[in-house]
Structures are given as C-alpha cells and as structure tokens.
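Since the structure comes first, as structure tokens, the remarks are kept for the end.
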Amino acid sequence: MLVNMKTLLEKAEEGNYAVGSFSVANMEMVLGVIKAAEELGAPIILQIAEVRLKQSPLEVIGPLMVAAAKNAKVPVAVHFDHGKTMEKIKLALEIGFTSVMYDGSHLPLDENIKMTNAVIAEAEKYGAAVEAEIGCVGGSEDGSEDIAINCTKPEDAVRFENETGVDALAIAIGNAHGNYKSTPKLRFDILETVDSLTKTPLVLHGGTGISPEDFVRCSKTGIRKINIATATFDTVESTVREAYNNGSINGYYDLQSAEVEGAYNNAKKHILIFGSDNKAKE
C-alpha cells in the first residue's frame with residue numbers, strides 16, 4: 001500500500017529501527033525490492049534521485065513506482081531523492097510521490113532553509129513529506145563529483161529544525177555516496193549530539209559499504225531512514241554477470257529474473273540489518 005514517508009519514520013522512531021530506502025532504476029529493481037519487503041513483512045521506501053533521470057525518466061518510472069507501491073502488501077513510500085530543481089520536485093508530487101527531498105546542502109544555511117521552506121509549501125498541497133540535508137555527504141549520487149565530506153554542525157541541525165519543521169533531515173557524519181575507498185569512520189559523537197538536540201527523524205545517505213555493526217548503531221541512535229543506492233545497482237549487475245557466466249541465461253526473461261533476484265537479495269540483506277522486518281503490521 002502507498003503511504004506517506006512521515007508515517008513510516010514515526011513508526012520507526014517508536015520502534016527504534018531504520019527503514020530502508022532503496023534506489024531503483026527499472027521495473028525489475030522495483031519488483032525485487034518489494035518482493036523482499038513482502039517476504040519479510042517490512043515497510044520500505046522506493047526512491048529515485050534527480051541525477052538518475054537521464055537513464056530513467058521520471059514521467060516513465062515515477063508512475064511505475066507509485067503503482068507498485070499501491071499494489072504492495074506492505075507499506076511503501078515513494079520518494080524523490082536529492083531533488084535539485086523545483087520543476088522536477090513538482091513533477092514527482094504530481095505523479096503521486098509521497099515524499100520529496102530538496103538537497104540544499106551545497107548552499108549557505110540561510111538559503112537552504114529558505115528553499116526547503118518553499119518545497120515544504122509545495123509538498124503540503126499534496127500531503128507529501130519533505131526531507132532536507134545539511135552538511136555535505138561525500139562523493140555524489142551519480143559518482144560524477146568528488147565532493148569532500150563536511151560534517152553537520154549540531155547547532156545548524158537545531159536551527160534548521162526550528163525554522164523549517166522538515167519531516168526528515170539527512171546529516172553528514174563521515175558518510176559518502178558511492179563505493180568507499182577505505183572503511184568509513186562515522187562520527188557517532190556528532191550523530192548522538194544531533195539526536196539528543198532534535199526531534200526530527202534523521203537520515204543516513206551513502207549507505208553502501210558501511211558495516212552491519214555501524215548500521216545497527218545508527219538505527220539505535222536516531223537514524224530512521226537509510227539510503228541504499230550503489231549496493232542495489234552493483235548487486236543487480238553482479239547477479240546478472242554471474243548468471244551469464246554460469247550459463248543460466250538463455251533468453252530475455254532469464255535476464256529479467258536475474259535482475260529481480262539481485263535487487264531482492266540486496267534489499268533482503270539490508271532490511272534484516274536495519275531491523276525493519278516484521279514491522280509492517282505494527
């Protein structure tokens with residue numbers, strides 16, 4: 001069933017776990033992620049980032065994501081990730097996405113607050129939730145930039161919460177998009193401080209490559225949404241490659257099944273780590 005992301009994060013706060021937000025690029029990934037969620041009885045979020053729309057046009061994949069959520073046996077929010085332009089954010093809302101993210105992390109805090117409030121005003125027309133980001137998560141969503149990590153200042157998080165009332169806040173604690181060049185060292189001291197000073201559900205971007213132990217610690221320290229993108233794409237690609245190598249692909253539909261299986265296995269693994277399994281009915 002299609003639900004508002006805010007509802008999922010509120011329940012995650014009550015149950016002290018994190019909801020997996022899985023980036024998708026085609027129907028097969030959508031089917032695989034939902035298959036895992038239904039099997040484990042887990043609420044999930046399907047998402048696509050604005051930078052990925054060159055490969056997966058929003059007007060094509062967006063309605064597919066919404067339809068899949070509506071037909072799922074578990075609660076599914078559909079989220080527009082790393083929105084950069086009001087044009088695409090509005091389109092996502094018109095299509096039926098139940099949450100949108102405005103990424104103003106590259107802006108001065110005053111400007112980020114101003115733009116986030118403009119997005120909130122637009123999202124309210126559709127009853128949709130809004131996520132924002134402060135501090136700079138390393139890398140970039142599509143791997144095209146090497147953005148330096150700039151950890152979130154707790155005092156900025158407090159001000160941002162007070163002046164926007166945003167539904168979810170992504171913070172930078174040493175995490176980065178893409179595959180990590182070395183084992184990430186997360187700043188749990190910053191996370192603990194932000195969690196203690198704010199009430200807004202917190203979001204962790206750049207989940208690929210973070211250890212299960214750190215994921216669990218994050219989910220017990222205020223992180224209520226964890227984004228998984230690169231791991232999804234990598235797992236789907238490697239599953240297809242392995243299927244070709246072992247001779248199990250003898251036509252298009254075998255290829256399709258391998259893509260679904262890759263997305264399913266990746267989502268299942270992360271749902272179990274995040275502790276959101278069997279939470280769909282709570």
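Note: hydrogens, waters and symmetry copies are ignored here, and every other heavy atom, side chains too, is used.
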*Rounded to the nearest 0.5 Å, what's the gap from NZ on Lys268 to CG on Asn266? Could you check?*
12.5 Å
*asked:* Would Lys88 and Phe80 count as a cation-pi pair here, with the cationic atom under 6.0 angstrom from the ring centre and within 45° of the axis?
replied: no
*Any idea which heavy atoms bring Ala69 and Val78 closest together, and the distance?*
CB-CG2, 3.7 Å
*How far apart are the C-alpha atoms of Val76 and Ile45, what are their side-chain angles, what is the distance that settles it, and do they pass the side-chain contact (heavy atoms from CB on, under 4.5 Å) test?*
CA-CA 5 Å; Val76 181; Ile45 300 164; over 6 Å; no
_As an exercise, state the distance from CG of Leu191 to CG of Leu186, rounded to the nearest 0.5 Å._
8.5 Å
*asked:* Using a 3.5 Å distance criterion without hydrogens, assess whether the side chain of Thr98 forms a donor-acceptor pair with backbone atoms of Val3.
replied: yes
*Among side-chain atoms of Tyr102 and Glu131, is any donor-acceptor pair under 3.5 angstrom?*
no
*Answer yes or no for Arg217 and Phe188: cation-pi contact, defined as NZ/CZ to six-membered ring centre under 6.0 Å and angle to ring axis within 45°.*
yes
_Membership question, hydrophobic clusters at under 4.5 Å side-chain separation (ILVMFWY): are Val24 and Phe97 in the same one?_
yes
*Return yes if some donor-acceptor pair links the side-chain N/O of Ser248 with the main-chain N/O of Ala243 below 3.5 Å, else return no.*
yes
*Check whether any side-chain N or O of Arg224 sits under 3.5 Å from a backbone N or O of Tyr17 as a donor-acceptor pair, and report yes or no.*
yes
*Whether Thr152 side chain and Ile134 backbone form a donor-acceptor pair below 3.5 Å*: yes
*Starting at OG of Ser276, measure out to CD1 of Ile271 and round the result to the nearest 0.5 Å.*
5.5 Å
*Decide whether Ser238 and Asp234 meet the rule of one side-chain donor and one side-chain acceptor closer than 3.5 Å.*
no
*Where Leu93 and Ala128 come nearest, the two heavy atoms and their spacing*: CD2-CB, 3.5 Å
*Donor-acceptor pair, side chain of Asp254 and main chain of Asn250, under 3.5 angstrom*: yes
*Looking only at atom types and distance, does a side-chain atom of Asp167 sit under 3.5 Å from a main-chain N or O of Val130, one as donor and one as acceptor?*
yes
*Any idea which heavy atoms bring Gly174 and Cys151 closest together, and the distance?*
N-SG, 3.7 Å
*What residue pairs, at least two apart or across chains, pass salt bridge (Lys or Arg N to Asp or Glu O under 4.0 Å) with a residue in residues 56-79?*
none
*Could you check if a side-chain atom of His82 sits within less than 4.5 angstrom of a side-chain atom of Val51, using non-hydrogen atoms only?*
no
_Do Phe160 and Leu202 land in one hydrophobic cluster if side-chain heavy atoms of ILVMFWY residues count as linked below 4.5 Å?_
yes
*Examine the side chains of Asn227 and Lys225 and answer whether a donor and an acceptor come within less than 3.5 Å of each other.*
yes
*asked:* Check Asp195 with Lys220, please: is the shortest side-chain N to carboxylate O separation under 4.0 Å?
replied: no
Please report, to 0.1 Å, the donor-acceptor pairs under 3.5 Å made by any side chain of residues 117-125, with sequence neighbours excluded.
from	atom 1	to	atom 2	distance (Å)
Asn117	ND2	Ile113	O	3.3
Asn117	ND2	Glu163	O	3.1
Glu122	OE1	Lys125	NZ	3.1

*Is there side-chain contact between Gln256 and Met27, with at least one heavy-atom pair below 4.5 Å?*
yes
*Compare all side-chain heavy atoms of Val158 with those of Val194 and state whether any distance is below 4.5 angstrom.*
no
_Closest contact, heavy atoms only, Pro212 versus Ile273_ = O-CG2, 3.9 Å
*Kindly work out whether a path of hydrophobic side-chain contacts (I/L/V/M/F/W/Y, heavy atoms less than 4.5 Å apart) joins Tyr264 to Leu64.*
no
*Classify the side-chain pair Thr221/Glu192 by whether it contains a donor and acceptor separated by less than 3.5 Å.*
no
*In this structure, are over 12 heavy atoms from other groups packed under 6.0 Å from Lys84 atom NZ?*
yes
*Looking only at side chains, do Glu259 and Thr239 share a donor and an acceptor under 3.5 Å apart?*
no
*How long is the span from the OG1 atom in Thr232 to the CD atom in Gln47, to the nearest 0.5 Å?*
8.5 Å
*Answer whether the closest heavy-atom distance between the side chains of Asp110 and Arg159 falls below 4.5 Å.*
yes
*asked:* Between Asn246 and Arg241, is the side chain to side chain donor-acceptor pair (under 3.5 Å) condition met? List the steps.
replied: CA-CA 9 Å; Asn246 65 27; Arg241 185 187 298 273; over 6 Å; no
_Flag if over 12 foreign heavy atoms under 6.0 Å of CD, Glu242_ = no
*Give the intermediate values and the outcome of side-chain contact (heavy atoms from CB on, under 4.5 Å) for residues Phe22 and Ile34.*
CA-CA 10 Å; Phe22 298 95; Ile34 289 181; over 6 Å; no
*Close side-chain approach of Leu169 and Val203, heavy atoms under 4.5 Å*: no
*asked:* Using modelled atom types and a 3.5 Å cut-off, is there a donor and acceptor pairing between side-chain atoms of Thr235 and backbone atoms of Gly262?
replied: no
*For this output row, return yes or no: ring centroids of Phe274 and Phe215 closer than 6.0 angstrom.*
yes
*Measure from the side-chain N and O atoms of Glu38 to the backbone N and O of Ala72, and report whether any donor-acceptor pair falls under 3.5 Å.*
no
*Would you give the length of the straight line joining atom NZ of Lys11 to atom CG of Leu9, rounded to the nearest 0.5 angstrom?*
11.5 Å
*Quick one: do His205 and Ile228 satisfy side-chain contact (heavy atoms from CB on, under 4.5 Å)? Show the steps, please.*
CA-CA 8 Å; His205 287 218; Ile228 299 294; over 6 Å; no
*Full working for side-chain contact (heavy atoms from CB on, under 4.5 Å) between Met65 and Val30*: CA-CA 7 Å; Met65 293 165 69; Val30 171; 4.2 Å; yes
*Are Leu31 and Val74 grouped together when hydrophobic residues (ILVMFWY) are joined by side-chain heavy atoms under 4.5 angstrom apart?*
yes
*In Å, rounded to the nearest 0.5 Å, how long is the span from OG of Ser56 to CE of Met29?*
8.0 Å
*Do Val19 and Ile226 come close enough that some side-chain heavy atom pair is under 4.5 Å?*
no
*Give the cluster check for Leu197 versus Val166: same hydrophobic cluster or not, with ILVMFWY residues linked at side-chain heavy-atom distances below 4.5 Å.*
no
*Hey, does the side chain of Asp214 reach the backbone of Ile210 with a donor-acceptor pair shorter than 3.5 angstrom?*
no
